[in-house]
Student: 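Below you will find the structure I want to go over with you.
Chain letters run A, B, ... following the sequence lines, proteins first and then strands; every chain starts at 1.
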Amino acid sequence: MQLVRPKIFVIIKSTMLKTKKELKEKIVSKLSSEFPLSAEEVELTSTPDQKFGDLALSIAFPLAKKLKTNPRAIASRAAELLSDLEGVEKVEVAGAGYINLYLDRKKFFSEKFANLEKTGLNPEEKKVIVEHTNINPNKAAHVGHLRNACLGDTLVRCLRYKGEKVEVQNYIDDTGVQVVDVVYGLMELEKKSLTDLDKIEGKFDYYCWDLYTRVSRFLAENQQAQAKRAEILKRIEHGLSPEADYAYYVSRRILRAHLATMKRLNITYDVLPCESSILGLKFWEKAFQMLRDSQTIHFSQEGESAGCWVMKLEDEPEREKIIVRSDGTVTYVGKDIAYQLWKFGLLGQDFYYEPFVEDNGRTIWISSARPTPYDVHFGAGSKVYNVIDVRQSYLQKVVVQSLKSLGYKEQASRSIHFSYEMVALSPKSLSEINVEISEEDKDRTFLEVSGRKGIGVKADDLLDRLEEKAFEEVAKRNPDLPLSSKQQIARQIACAAVRYFMLKYARNSLIVFDFDEALNFEGETGPYLQYTAVRLRSIFRKFQEKTGISYQEILRPELLKNINLEKLSPEEARDFWELIVYASGLDEEVLRSIITLEFANLAKFTFNLCQKFNSYYHNYQVLAEKDEELRTFRLMTIYFVHEILCQALDLMGIQIPEKM
RNA sequence: GCGCCCGUAGCUCAGUUGGAUAGAGCGUCUGACUACGAAUCAGAAGGCCGCAGGUUCGAGCCCUGCCGGGCGCACCA
């Protein structure tokens, strides 16, 4: 049975944010006559415990400092003034001077249920661009890339939830040195023709993973080979055959593999801008003129950088960043500046585009340097997020500074480097993937992922292992399910496990990857969240099976007018209320996650919600409840949680299996 | 050398602009399934929040110094 959501509930959003906003306005108007305070100073926080009420006001402390009296006295007077706040049942002074508010529960709950208005979140931008994934198309994706893509995709989902128009870009460096190395390997080491490449069966990204490490080692050991490699690079950059054809073949075939890997995680893109297009359409030449004319960069006459075009750095006046080399070629940062200008629509030109893959009726477009018949346009965002790991902070700073220096102050401030720490590997996980550790690395507690050295857990390998394990667990519990269902569920579980794992750590926290932790399905994991939702849903399924009544009929908003909270035992009233108040915090949590770019907040919120629900689930029977009024009330309570949980999981790209 | 980041329970990590009793998960130990699904729940043990000063009504959080670890600072990307 498919769980169909009644229409009226689809638009429910948790609106604690809205409640707080409204309360805050009233509080300011009631207090400002007697106390010197501004709206910014008034903040409603949650209390450490339900027994202290629902919301706390700590304005007495700053006021006491300002007025040189004691906070408790101020709090008492303020509480008097607030005694008749609408929607608030009780106001109390506690501790050293906290003002605690107790919400009118019935009003709050019925409002949240019946409120058809929009969420407290509103879009602020014309168009937001999020760039993430950006894997060099010369080898398979690994766990480090997964962190990037999971963070980026969650940001995208949260921004869209907020109402923003979002464009997802995945930049493809199809002419860079990494692709060159693989081309070098295919042409020089393996002497393969272009038609030979088609004969390479199986996972081409895995094939190139091994080849890339072989080439890297070969080039390190054979310095004389560098000249040939440099020549290949130049020919690829200028689009000359046959090298450019090899690069095209390799990058496109591996790109398709990457997209397939990301699809396993419900991650997709709108457009794939390629470096080859940036070169072909001479974006850099345009950017160069702008940088030169605005004197953002200048030609260096002396010193180590003589003959180069360099940029002065704001906070390090003694150091200069080279943008154009003395041989006239542009550095990586230079191309990145051009790309960033295009993202903001400041370059005055666009790429051409053509469809690359069709995915469920959605097209992923790829850039082209040559005219195409398609009238589509990308870029020109008002805000840009670049999801790139923390090691590139310095370069991202250079990019932002160049915008500033060009006079685009507004864009510079809306150019956000979404940085996060890298994923490293524990010695234990290294031995699991059969990587031998060099002598110098022996004593380290973790090892950085390195495509060049071939040190890394491949994304597809991890997903395969997760699916395998999930399949076993599903088969154990649901032996009668058809094979295809079991496989489908296993895929959903594997995806949830990876996505939650990548989200649960703060972005500043280095993840030392460990298979045991990543493969865990219990405790604070994605599958735990799914399991909670599955249990929740099965109550509704069973309800319909048992009674023959659609639960939509039971969950009519009108009923809320007549609910009688007095009927609940003190324990149940407490547990019910805790669940509702907590669930109502989703909007606020999403907003906070977007502002701080800390999606571990959202992950933790969802996990805590599940814990609270599971505890409730354990304590209160729904279907077996004889009292019909009480049963309906509990159904409404868990339905509310269900809605919030579905939204939260969707924001993290986690699907809910029918069974698991 | 300069810059950025991190030291919180045995392990992995949370800790809202400084605020009420420092919290989770894993692991360990003890309980709970003839079931609204035990991938769960309830409980126990486990902390000079790296060290030393300072700021104040109040510091895991802010400032200074020190110790220990990581990452940047390319005419690589």
Student: Is the phosphate of B/rA42 approached by A/Y617 (side-chain N or O, under 4.0 Å from OP1 or OP2)?
Tutor: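 Checking A/Y617 against B/rA42: no side-chain N or O falls below 4.0 Å of OP1 or OP2.
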Student: For A/Y531 and B/rA39, is the shortest distance between a side-chain N/O and OP1 or OP2 below 4.0 Å?
Tutor: yes
Student: What is the base-pairing partner of B/rU21, counting Watson-Crick and G-U wobble geometry with both distances under 3.5 Å?
Tutor: none
Student: Please give the nucleotide sitting opposite B/rG43 as a Watson-Crick or G-U wobble pair, both distances under 3.5 Å, or none.
Tutor: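 Because both required distances fall under 3.5 Å, B/rG43 counts as paired with B/rC29.
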Student: Under the side-chain hydrogen bond (donor to acceptor under 3.5 Å, both in side chains) test, which residues partner A/R452, sequence neighbours left out?
Tutor: A/Y212
Student: Counting only side-chain heavy atoms from C-beta out, which of B/rC6, B/rA77, B/rU21 sits nearest to A/N508?
Tutor: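 Per side-chain heavy atoms of A/N508, the pick is B/rC6.
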Student: Decide, yes or no, whether a salt bridge links A/R537 with A/E658 under the criterion of side-chain N to carboxylate O below 4.0 Å.
Tutor: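 Judged by the 4.0 Å cut-off on N to carboxylate O distance, A/R537 and A/E658 do form a salt bridge.
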Student: Is the distance from OP1 or OP2 of B/rG37 to the nearest side-chain N or O of A/S538 less than 4.0 Å?
Tutor: yes
Student: Could you state the CZ-P distance from A/F501 to B/rA14, rounded to the nearest angstrom?
Tutor: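 Spelled out: CZ on A/F501 to P on B/rA14 is 12 Å.
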Student: If you check the A/Y332 side chain, which of B/rA77, B/rC75, B/rA20 turns out closest?
Tutor: B/rA77
Student: Identify whether any heavy atom of A/E43 sits under 4.0 Å from a base atom; if not, whether one sits that close to sugar-phosphate; answer base, sugar-phosphate or nothing.
Tutor: base
Student: Regarding A/K428 and A/D516, does a basic nitrogen lie under 4.0 Å from an acidic carboxylate oxygen?
Tutor: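 Judged by the 4.0 Å cut-off on N to carboxylate O distance, A/K428 and A/D516 do form a salt bridge.
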Student: Does the structure show A/F52 stacking with B/rA20, if we require the centres to be closer than 5.5 Å and the planes to be within less than 30 degrees of parallel?
Tutor: yes
Student: Closer than 4.0 angstrom, basic N to acidic O: yes or no for A/K604 and A/E589?
Tutor: no
Student: For a quick check, tell me whether the side chain of A/K428 and the base of B/rU12 share a donor-acceptor pair closer than 3.5 Å.
Tutor: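 No, the side chain and the base share no sub-3.5 Å donor-acceptor pair.
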Student: When the distance from CG of A/L395 to C1' of B/rG3 is rounded to whole Å, what number comes out?
Tutor: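 So the two atoms are 14 Å apart, to the nearest Å.
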Student: Within this structure, what is the CD1-to-P distance between A/I337 and B/rA77, rounded to whole angstrom?
Tutor: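 So the two atoms are 13 Å apart, to the nearest Å.
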Student: Take atom CZ of A/R507 and atom P of B/rC6, then tell me their distance rounded to the nearest Å.
Tutor: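 Computing the A/R507:CZ to B/rC6:P distance gives 11 Å.
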Student: Taking the basic N atoms (NZ, or NE/NH1/NH2) and the acidic carboxylate oxygens, is any pair closer than 4.0 Å for A/R634 and A/E572?
Tutor: yes
Student: When only distance counts, do a donor and an acceptor, one from the side chain of A/N614 and one from the base of B/rA42, lie under 3.5 Å apart?
Tutor: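 Absent.
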Student: Looking at every strand, decide which applies to A/D181 at a 4.0 Å heavy-atom threshold: base, sugar-phosphate, or nothing.
Tutor: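 Here A/D181 touches no strand at all.
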Student: Could you check whether the side chain of A/S326 and the base of B/rC75 have a donor-acceptor pair of N or O atoms closer than 3.5 Å, going by distance alone?
Tutor: yes
Student: Quote, to the nearest angstrom, the P distance that separates B/rU12 from B/rG7.
Tutor: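 To the nearest whole Å, 12 Å.
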Student: Which of these nucleotides, B/rC36, B/rG19, B/rA39, is closest to any side-chain atom of A/F61?
Tutor: B/rG19
Student: In Watson-Crick or G-U wobble terms, both distances under 3.5 Å, what is the partner of B/rA9?
Tutor: none
Student: Between B/rU40, B/rA20, B/rA77, spot the one nearest the side chain of A/N100, thanks.
Tutor: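 Nearest to the side chain of A/N100 among the choices is B/rA20.
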Student: Just how far, in rounded Å, is C1' of B/rA77 from OH of A/Y394?
Tutor: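 My rounded result for the distance is 15 Å.
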Student: So, A/Y98 and B/rA20: ring centres less than 5.5 Å apart, planes less than 30° off, yes or no?
Tutor: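 One would call A/Y98 stacked on the B/rA20 base.
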Student: Under 4.0 angstrom, heavy atoms only, what part of the nucleic acid is A/K659 near: base, sugar-phosphate, or nothing?
Tutor: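 Counting heavy atoms under 4.0 Å across all strands, the contact made by A/K659 includes a base.
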Student: Just call it for A/K612: base, sugar-phosphate, or nothing, with non-hydrogen atoms closer than 4.0 Å on any strand.
Tutor: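 No contact at all - A/K612 keeps every heavy atom at 4.0 Å or more from the nucleic acid.
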Student: Can you confirm if the NZ or CZ of A/R147 lies within 45° of the ring axis of A/Y420 and under 6.0 Å from the centre of its six-membered ring?
Tutor: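 Output no; distance or angle outside limits.
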Student: Could you tell me whether A/K476 and A/E473 have a side-chain N and a carboxylate O separated by less than 4.0 Å?
Tutor: yes
Student: For B/rA35, give its Watson-Crick or G-U wobble partner with both distances under 3.5 Å, or none.
Tutor: none
Student: The side chain of A/Y505 lies closest to which of these nucleotides: B/rC36, B/rC13, B/rA77?
Tutor: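 My answer, after comparing the listed nucleotides, is B/rC13.
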Student: To the nearest Å, give me how far apart CD1 (A/I489) and C1' (B/rA39) are.
Tutor: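 In whole Å, B/rA39 C1' lies 13 Å from A/I489 CD1.
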Student: Tell me whether A/R507 forms a cation-pi arrangement with A/F418, defined as NZ or CZ under 6.0 Å from the six-membered ring centre and within 45 degrees of its axis.
Tutor: no
Student: What's touching nucleotides 23-27 of chain B from the protein side, N or O pairs under 3.5 Å?
Tutor:
{"unit_1": "B/rG25", "atom_1": "OP1", "unit_2": "A/Q611", "atom_2": "NE2", "d": "3.0"}

Student: Between A/F607 and A/K504, is there a cation-pi geometry (under 6.0 Å to ring centre, at most 45° from the normal)?
Tutor: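 A/K504 over A/F607 ring: no.
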Student: Do the side chains of A/K486 and A/E467 get close enough for a salt bridge, i.e. N-O under 4.0 angstrom?
Tutor: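 The answer is no: the pair does not qualify as a salt bridge.
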Student: Rounded to the Å, how far apart are A/Q621 CD and B/rC33 P?
Tutor: 14 Å
Student: In the structure shown, which nucleotide is the Watson-Crick or G-U wobble counterpart of B/rG1, with both distances under 3.5 Å?
Tutor: B/rC73
Student: Return the value, rounded to whole Å, for the distance between atom CZ of A/F515 and atom C1' of B/rU12.
Tutor: 17 Å
Student: If only side-chain N and O atoms of A/R535 are considered, is one of them under 4.0 Å from the OP1 or OP2 phosphate oxygen of B/rA38?
Tutor: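 A/R535 to B/rA38 OP1/OP2: side-chain N or O found under 4.0 Å.
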Student: Strictly by Watson-Crick or wobble contacts shorter than 3.5 Å, is anything paired with B/rC66, and which nucleotide is it?
Tutor: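 Looking at the geometry, B/rC66 pairs with B/rG50.
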Student: With a 4.0 Å cut-off on heavy atoms, is A/S615 in touch with a base, just the backbone sugar-phosphate, or nothing at all?
Tutor: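 Sugar-phosphate only.
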Student: Look at all strands and tell whether A/A306 reaches a base, only sugar-phosphate, or nothing, counting heavy atoms closer than 4.0 Å.
Tutor: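 Base, at least one base heavy atom under 4.0 Å.
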Student: Using both distances under 3.5 Å as the test, list the Watson-Crick or G-U wobble partner of B/rG60, or none.
Tutor: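 Check on B/rG60: unpaired, no WC or wobble geometry under 3.5 Å.
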